[in-house]
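Throughout, residue positions are numbered sequentially from 1 according to the sequence presented. Only this structure's heavy atoms are used, side chains among them; waters, hydrogens and symmetry mates stay out.
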Amino acid sequence: MSMRHTVKVRGGAAVAVAAVLALTLAGCGGGDDKKPQGDAKPSAAPSQGGTSKKPTTDTAPSAEPTEVLATTNGDPGIVLTVNAAARDQGGFVTVSGQIKNNTDKVFTKVTAWRGDEKNASGTSVAGATLVDKPGKKRYYVLRDTESRCLCTTGITRIEPGATIPFFAQFPAPPATTAEVDFSLPTFATATIKISG
């Protein structure tokens with residue numbers, strides 16, 4: 001009987017030791033998933049185990065884009081800034097930037113930005129165009145199969161001092177076209193360079 005009791009104690013101790021080891025290993029293995037704090041940058045080097053993590057890409061635009069291709073004024077105190085005009089694979093150009101309300105009042109006159117063409121996008125920047133002057137061609141914002149624009153939608157107002165991001169996707173002009181005129185109703189036309 002004492003032998004059976006001893007076996008139970010040893011078996012119980014083995015289970016306890018195994019549980020402690022499992023918790024210890026789990027606690028040691030999760031350190032790579034923590035986000036860097038402060039100004040620390042994540043390392044791109046492979047871990048010591050010989051495997052490297054898949055690199056992550058930031059697809060969200062930063063709050064303060066660094067490049068400015070053009071700035072143009074619309075209604076008093078409303079400023080449009082174009083930060084990028086990039087060729088995408090598949091024959092598209094995506095123009096992106098921001099619209100800022102520099103006034104002390106809520107800006108609600110956004111319906112003109114959707115343009116005159118009938119579409120299912122509602123309040124949007126679907127009225128934007130690109131003009132290739134040398135090629136003598138105007139490009140309109142692309143639509144999906146349900147006539148919704150491939151652009152920023154749902155813009156109903158801009159609060160005082162607020163900045164909202166926007167994008168619009170167009171068919172790409174020929175590769176030889178490096179500059180186009182970007183227009184959005186109520187804003188002055190701006191000449192921008194296409195990258196990519």
Side-chain angles (χ1 to χ4, degrees), residues 34-42 55-88 90 92-132 138-173 178-196:
K34 291 183 181 176
K35 293 181 180 177
Q37 294 184 7
D39 293 327
K41 303 272 184 198
T56 59
T57 57
D58 273 337
T59 55
S62 64
E64 294 282 334
T66 55
E67 188 171 6
V68 174
L69 300 182
T71 301
T72 182
N73 295 317
D75 284 273
I78 308 301
V79 178
L80 179 144
T81 303
V82 177
N83 299 112
R87 291 183 189 271
D88 300 327
F92 309 117
V93 168
T94 302
V95 177
S96 59
Q98 49 195 331
I99 302 170
K100 183 169 184 178
N101 179 357
N102 286 322
T103 72
D104 58 356
K105 296 179 181 172
V106 175
F107 181 77
T108 58
K109 296 189 287 181
V110 298
T111 55
W113 298 347
R114 66 182 173 189
D116 295 331
E117 184 183 350
K118 290 184 179 179
N119 63 70
S121 300
T123 53
S124 65
V125 294
T129 60
L130 291 182
V131 174
D132 173 8
R138 180 184 306 268
Y139 298 91
Y140 294 92
V141 176
L142 292 168
R143 305 293 197 267
D144 67 13
T145 56
E146 295 178 3
S147 194
R148 291 180 299 223
C149 73
L150 299 181
C151 68
T152 301
T153 61
I155 303 169
T156 57
R157 59 194 283 144
I158 306 176
E159 297 295 328
T163 301
I164 61 164
F166 78 89
F167 83 95
Q169 195 170 49
F170 303 88
E179 286 188 346
V180 290
D181 286 346
F182 175 81
S183 294
L184 182 66
T186 75
F187 290 95
T189 300
T191 301
I192 58 175
K193 290 186 178 181
I194 300 176
S195 64

Q: Apply the test side-chain contact (heavy atoms from CB on, under 4.5 Å) to residues Phe182 and Leu80: give CA-CA distance (whole Å), side-chain angles for both, the deciding distance (0.1 Å), then the verdict.
A: CA-CA 11 Å; Phe182 175 81; Leu80 179 144; 4.0 Å; yes
Q: Show the numbers, then the answer: is there a side-chain contact (heavy atoms from CB on, under 4.5 Å) between Leu184 and Val125?
A: CA-CA 7 Å; Leu184 182 66; Val125 294; 4.0 Å; yes
Q: Evaluate side-chain contact (heavy atoms from CB on, under 4.5 Å) for Ile194 paired with Arg87, printing each intermediate quantity in order.
A: CA-CA 7 Å; Ile194 300 176; Arg87 291 183 189 271; 3.5 Å; yes
Q.
side-chain contact (heavy atoms from CB on, under 4.5 Å), that's the test. Do Thr81 and Lys100 meet it? Break it down for me.
A. CA-CA 8 Å; Thr81 303; Lys100 183 169 184 178; over 6 Å; no
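There is no side-chain donor-acceptor pair under 3.5 Å between Asp181 and Thr189.
Summarising the geometry of Pro173 relative to Asp132, their closest heavy-atom pair is CB-OD2, 4.2 Å, with the distance given to 0.1 Å. Closest approach of Gln169 to Asp88, counting heavy atoms only: NE2-OD2, 3.3 Å.
Residues Val180 and Ile192 form a side-chain contact, since some pair of their non-hydrogen atoms from C-beta on lies under 4.5 Å apart. Considering only heavy atoms from C-beta on, Ile78 stays 4.5 Å or farther from Asn73 through its side chain. Counting heavy atoms from C-beta outward, Val106 and Pro160 have side chains that approach closer than 4.5 Å. Side-chain contact check for Val110 versus Ile99: every heavy-atom pair is 4.5 Å or farther apart.
Asp75 pairs by the salt bridge (charged side-chain N to carboxylate O under 4.0 Å, His left out) definition with Lys109, not counting sequence neighbours. Residues meeting the salt bridge (charged side-chain N to carboxylate O under 4.0 Å, His left out) test with Asp104, sequence neighbours left out: none.
Between Trp113 and Phe187, the angle of the ring planes lies from 30° to 60°, which puts this pair in the tilted group.
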